[in-house]
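First up is the structure itself, then whatever we jot down about it.
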Number of protein chains: 2
Amino acid sequence: MATSIEDVARRAGVSIATVSRSLRGLPDVAPGTRERVFVAARELDYVASPYAARLASGRTDAVGVVVPHVTRWFFAQAISGAERVLREAGYDLLLYNLGNGAGRERFFDRMPIRRRVDCVLVLCLPLTDAEIDSIRAMHVPAAVIGATVPGFASVRIDDVGGGEAAVAHLLELGHRRVGLISGAPDEPMHFTAPGERRRGYRQALRSAGVPVDPALEVSGDFTMDSGRVAMERLLALDEPPTAVFAESDEMAFGVLRALRAAGLTAGRDVSVAGFDDHDMAELLDLTTVAQPVPEQGELVARALLTALTRKAPPPRAETIPTRLVVRGSTGPPPAPAPRPGRTR
Amino acid sequence: MATSIEDVARRAGVSIATVSRSLRGLPDVAPGTRERVFVAARELDYVASPYAARLASGRTDAVGVVVPHVTRWFFAQAISGAERVLREAGYDLLLYNLGNGAGRERFFDRMPIRRRVDCVLVLCLPLTDAEIDSIRAMHVPAAVIGATVPGFASVRIDDVGGGEAAVAHLLELGHRRVGLISGAPDEPMHFTAPGERRRGYRQALRSAGVPVDPALEVSGDFTMDSGRVAMERLLALDEPPTAVFAESDEMAFGVLRALRAAGLTAGRDVSVAGFDDHDMAELLDLTTVAQPVPEQGELVARALLTALTRKAPPPRAETIPTRLVVRGSTGPPPAPAPRPGRTR
DNA sequence: GTGAAAGCGCTAACAC
DNA sequence: GTGTTAGCGCTTTCAC
């Protein structure tokens, strides 16, 4: 078997209690003793069994990270940020990738995460009430990104402000018919981004004295393909918009695709603004609202660590700012308006 | 505290051994007894403590997954494939995201993964000999994707064939000056993809009777930006290539960017072929060599599970085929050759 | 400052 | 088919 704490104790000529204390850096160990233990441990290439430690201490030193899809840009970014701070703090990261709907159901049904983590980080954005209850039933600190859940710590961006900035930019360029491609505002999913970005869109219109036209608002589901379909719908309108704000870059990519298919050029014929500043946004020259995703992962991880150490500090909901990145996909409306008439 | 196996035993009127056997589905339990145990467990909402089980059984039922960057498309895809089969098989997935070079060094130095997993899946492609030794020292089954390591199970694609197919396609279109943008062939990293894709490139040229011109081969490092820089170098040649094969889509994206910056159109002025079939390849209309990444993750995970159950089946190195996907970024060379002269 | 000993909550022999 | 019991390898009191 692997070398155990007893082997180290024997070699260092001390008791296993002293070995435990020394190696964990606890006080009340004479410097010389500690040194002898370190040497013995090194010589034996000793590593404490984490599972034995967990059993004895009651702590798991592990955090569960639940994501819908590791493959989606946003989640991968968030995980990497969270992983860094958790790992640094000595925590193990148990990954639960939900995948499809069936996987999601299975997870919340069986809760395989129970009893194996000290806290949970749920990046699974649209959370139903039942799912939230399942997490709550674990009785460990929990945190989310991009949503606000009572009792959970959370980190999110200023979605309203971001949406407003994007649309204000389009309006400043002279656009008056600005389309919106929103994510699905499923309720009660506690996923507030779609609704808030839309609020930002409307607020910007109102501030500019431009009437809100429901015909210009189309729903997608945050995938590229849904963006393409939505844009096709907008292009089919009698009076298509001269600019579009997509609530995510991936949907904006779909918009770009629809434009190309229609023989239109982004930034000239139709302006397009996205949201996220996806890695590919720069390549595609997409104007977008940048949000620092790895940083959100870091922040939420730190919030979790805080919840773990201190005595019940009420979970905070942090909001961090976004930044408009103007690129080539937005420009003034085409000189000869596609149709001279205005709705009103 | 949480409800323990004793609570269940008491409630079901049996011993803890019977509870253990019943819940784990072991034989030699009377159906009625098992049922009573199940009911009691359900009523108490009992979940066995995984860590106690690990201590007692010696198995960890966990696998460590080591990746350089979760955020890179390839790794995220591979993880999702592997996660699915591991989770289904009841394994926990411990994620180790190396991040930067420092993180990598720290990991292989401290090996925080020791004693906590039954096997390791290393997606960390370019592996040094020292790193491989660190993994070996764990004395658990290990597997890799995209490389071949003695003693480790592995899954990879036919890189030579893929590269050859891409370049053959370009040659068939009539191109005679075909550039190569390769990944860095760092040795001894055991990461064979760059070299093999290059071999495919050269093989295709030779088969077509086109001489290999070292001036047309430039190195990148698999990032988009390195692809952009490499393409700029190729465009600066006296006789720039009319077609380019990039060893990864991300580098090909950089190529597309360089072309646009130079006022050139992909597929008309210069043909571009990539490798991977990245999510964005379709949007960017990039001809590429598709490789099934999640499937590779699944396969390698299954190989690991096999290594875990059966008695030492010698680790296999599997190779799976690729598929050429022709899109708009490749076409015949421009009719009036940029420069009429030919090298030879 | 250090050691002895009692668990932590299971699994796995072994006995019945 | 079921129960008893001895660990698994630590942490944590509590003495000294």
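Letters go in sequence order (proteins before strands), and every chain restarts at 1. Note that this is a predicted model, so its numbers are computed, not measured.
The nearest whole Å value for the distance from the CG atom in D7(B) to the C1' atom in dC10(C) is 13 Å.
Here S22(A) pairs with nothing under the side-chain hydrogen bond (donor to acceptor under 3.5 Å, both in side chains) rule; sequence neighbours left out.
Under the salt bridge (Lys or Arg N to Asp or Glu O under 4.0 Å) criterion, the residue pairs touching residues 293-307 of chain A are R84(A)-E298(A), E298(A)-R302(A), with sequence neighbours excluded. Within the structure, salt bridge (Lys or Arg N to Asp or Glu O under 4.0 Å) contacts touching residues 13-23 of chain A (residues at least two apart or in different chains) do not occur. Among residue pairs with one or both ends in residues 85-134 of chain B, those qualifying as ring-ring contact (aromatic ring centres under 6.0 Å, His included) are Y96(B)-F107(B); sequence neighbours excluded. Listed by first and then second residue, the ring-ring contact (aromatic ring centres under 6.0 Å, His included) pairs that reach into residues 19-73 of chain A are Y51(A)-Y51(B), W73(A)-H278(A), sequence neighbours excluded.
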Can you build the contact string for nucleotides 1-13 of chain D? Use B for base contact, S for sugar-phosphate-only contact, and - for no protein heavy atom under 4.0 Å. SBBB--BBBBBB-
